[in-house]
Number of protein chains: 2
Amino acid sequence: MASIEKTKQYLTDFKIHPSFQRIAIMKYLFENPVHPTADEIHTALVAVIPTLSKTTVYNTLSLLSQAGAIKELTIDEKQLHYDGYIREHAHFRCNNCGKIIDVAIDNDTLKIESLEKEHNIIITDTQVFYKGYCNECKNKFNY
Amino acid sequence: MASIEKTKQYLTDFKIHPSFQRIAIMKYLFENPVHPTADEIHTALVAVIPTLSKTTVYNTLSLLSQAGAIKELTIDEKQLHYDGYIREHAHFRCNNCGKIIDVAIDNDTLKIESLEKEHNIIITDTQVFYKGYCNECKNKFNY
DNA sequence: TTGTAAATATGTAATGATTACAAAATTAAA
DNA sequence: TTTAATTTTGTAATCATTACATATTTACAA
């Protein structure tokens, strides 16, 4: 359970002015680590903050993402998903129910530095996605 | 340079009827390993096959992707990109110019089997995405 | 405290990738 | 051939996201 104070501090650390809406969105991501979409976040929060606009949700997610406070997941073909936990980890997406779960990944295996040298590039973000069928859906697909 | 015959055989191996349009699209992906979007493929091919519809491109890419003949890349926030080379490798996307390049990845590091056991899931696809700045763009961003 | 500029939030309208769908064209099979 | 099945096409939707203009809130100087 992330307190409002902790959330406020977190935003401030990323040099983001902690407005009422920004705190609410960031706090929602901390408390709901299910990698929601912008629409899901809006639907959940508008029940509590009736005036919250969808544009604000999009703007805020974009701002948080650019500041590095959250991660934007391109794991889904249709919509972006958001993750409030930015520590290094990978994701698994069930192709049937769409659920996204965290899985552990060893950062070292990604060999970022050697790839940067080899291709003369700068790597600022890495995403590892696994797709398949979750424990609840796998039976439906002959696995 | 992939011949029409080789491409035809490739599609047949994946149990896909090798129609004129499907061969053209698959061959285009083989010969242009730059991970194009559906729209880019259509624009390039419609110059040669003026009657080719965008719907056919989308349908075909979806068919090829589901059959496992090509890979659908969700590396981009806006559009899907397609890759005709399905052997295991990772991708780097430049955040400035959008270019996507192949980078090597050691399949073993992904620990697919141990993750399947740990989470009781089936993994059918893995994608590793690196994002940052390419050798041409990095100078523009103080790197 | 009051006034004002800057920052933030809102609502509506556009954008654009992708899909749905029905009709047309092509291919296969009898 | 004749007919059925498959494939392609064009147009019209869908829907996530963004643009943009306006309204509201906040910060800060007087």
Side-chain angles (χ1 to χ4, degrees), chain A residues 7-8 11-12 14-28 35-67 69-82 93 95 98 100, chain B residues 7-8 11-12 14-28 35-67 69-82 93 95 98 100:
Chain A
T7 306
K8 201 182 262 189
L11 294 176
T12 306
F14 282 96
K15 304 198 197 310
I16 291 169
H17 178 79
S19 73
F20 178 69
Q21 289 86 343
R22 289 171 184 173
I23 293 169
I25 291 167
M26 190 66 238
K27 191 162 173 286
Y28 182 83
H35 321 93
T37 64
D39 193 65
E40 286 166 350
I41 296 168
H42 179 256
T43 300
L45 288 180
V46 86
V48 185
I49 309 168
T51 57
L52 182 69
S53 77
K54 201 172 269 191
T55 300
T56 295
V57 174
Y58 275 106
N59 286 344
T60 300
L61 291 171
S62 175
L63 181 75
L64 293 171
S65 178
Q66 284 203 307
I70 65 174
K71 273 213 173 193
E72 196 174 66
L73 307 182
T74 57
I75 197 170
D76 190 310
E77 298 77 13
K78 314 274 181 195
Q79 319 144 261
L80 293 171
H81 289 254
Y82 293 90
R93 198 275 312 267
N95 289 335
I100 299 172
Chain B
T7 306
K8 201 183 262 190
L11 293 175
T12 307
F14 283 96
K15 304 197 197 312
I16 292 169
H17 178 79
S19 73
F20 178 68
Q21 289 86 342
R22 288 171 184 172
I23 293 169
I25 291 166
M26 190 66 238
K27 190 160 173 288
Y28 182 83
H35 322 92
T37 64
D39 193 65
E40 286 166 350
I41 296 168
H42 178 256
T43 300
L45 288 180
V46 87
V48 186
I49 310 168
T51 57
L52 182 69
S53 77
K54 201 172 271 193
T55 300
T56 295
V57 175
Y58 275 106
N59 287 344
T60 301
L61 291 171
S62 174
L63 182 76
L64 294 171
S65 178
Q66 284 202 306
I70 65 174
K71 273 211 173 196
E72 195 175 68
L73 308 183
T74 57
I75 196 170
D76 191 310
E77 298 77 14
K78 313 274 182 195
Q79 317 145 261
L80 293 171
H81 288 254
Y82 293 90
R93 197 273 315 266
N95 289 335
I100 298 171

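Residue numbers begin at 1 in each chain, while the letters A, B, ... track the order of the sequences.
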*Measure across A:Ala24 and A:Ile49 and return the closest heavy-atom pair with its distance rounded to 0.1 Å.*
CB-CD1, 3.6 Å

*Check the distance between C:dT27's P and B:Phe20's CZ and give it to me in whole angstrom.*
10 Å

_Length of the line joining B:Ile16:CD1 and D:dT7:C1', which is rounded to integer Å_ = 13 Å

*Could you work out which one of C:dT10, D:dT9, C:dT18 sits closest to the side chain of B:Gln79?*
C:dT18

*asked:* If I take atom NZ in residue A:Lys8 and atom P in nucleotide D:dT26, what distance separates them, rounded to the nearest angstrom?
replied: 11 Å

*asked:* For C:dT12, does the base pair up with any side-chain atom of A:Thr55 as donor and acceptor (N or O, under 3.5 Å, distance only)?
replied: yes

*asked:* Testing B:Leu64, B:Thr56, B:Thr7, B:Leu11 one by one against B:Arg22 for a side chain to side chain contact (heavy atoms under 4.5 Å, CB included), which residue passes?
replied: B:Leu11

*B:Thr56 has a side chain; which of D:dT9, D:dT17, C:dT10 sits nearest to it?*
D:dT9

*N or O in side chain of A:Thr51 less than 4.0 angstrom from C:dT10 OP1/OP2*: yes

*Atom OH of A:Tyr82 and atom C1' of D:dA16: how far apart are they, to the nearest Å?*
10 Å

*What is the distance from CG of A:Asp76 to P of C:dT18, rounded to the nearest Å?*
13 Å

*Nearest to the side chain of A:His17 - D:dT26, C:dA17, C:dA9?*
D:dT26

*Nearest whole angstrom, please: distance from the C1' of D:dT24 to the CG of A:Leu52.*
14 Å

*How close or far is atom C1' of D:dT7 from atom NZ of B:Lys15, stated in whole angstroms?*
20 Å

*Considering all heavy atoms of both residues, which atom of A:Pro18 and which atom of A:Ile23 are nearest to each other, and what is their separation?*
O-CD1, 3.4 Å

*Between B:His81 and B:Gln79, which heavy-atom pair has the shortest distance, and what is it?*
CD2-O, 3.5 Å

*Length of the line joining B:Tyr58:OH and D:dT14:P, which is rounded to integer Å*: 18 Å

*asked:* The side chain of A:Ala38 is closest to which nucleotide in this list: D:dT17, C:dG11, D:dT8?
replied: D:dT17

*asked:* Less than 4.0 angstrom between a side-chain N/O of A:Gln21 and OP1 or OP2 of C:dT10, yes or no?
replied: yes

*Classify the nucleic acid contact of A:Asp39 as base, sugar-phosphate or nothing, counting any heavy atom under 4.0 Å across all strands shown.*
nothing

_Looking at A:Lys78, I'd like to know whether one of its side-chain N or O atoms comes within less than 4.0 Å of OP1 or OP2 on C:dT19._
yes

*State, to 0.1 Å, how close B:Tyr82 and B:Glu72 come at their nearest heavy-atom pair, and which atoms those are.*
OH-OE2, 3.5 Å

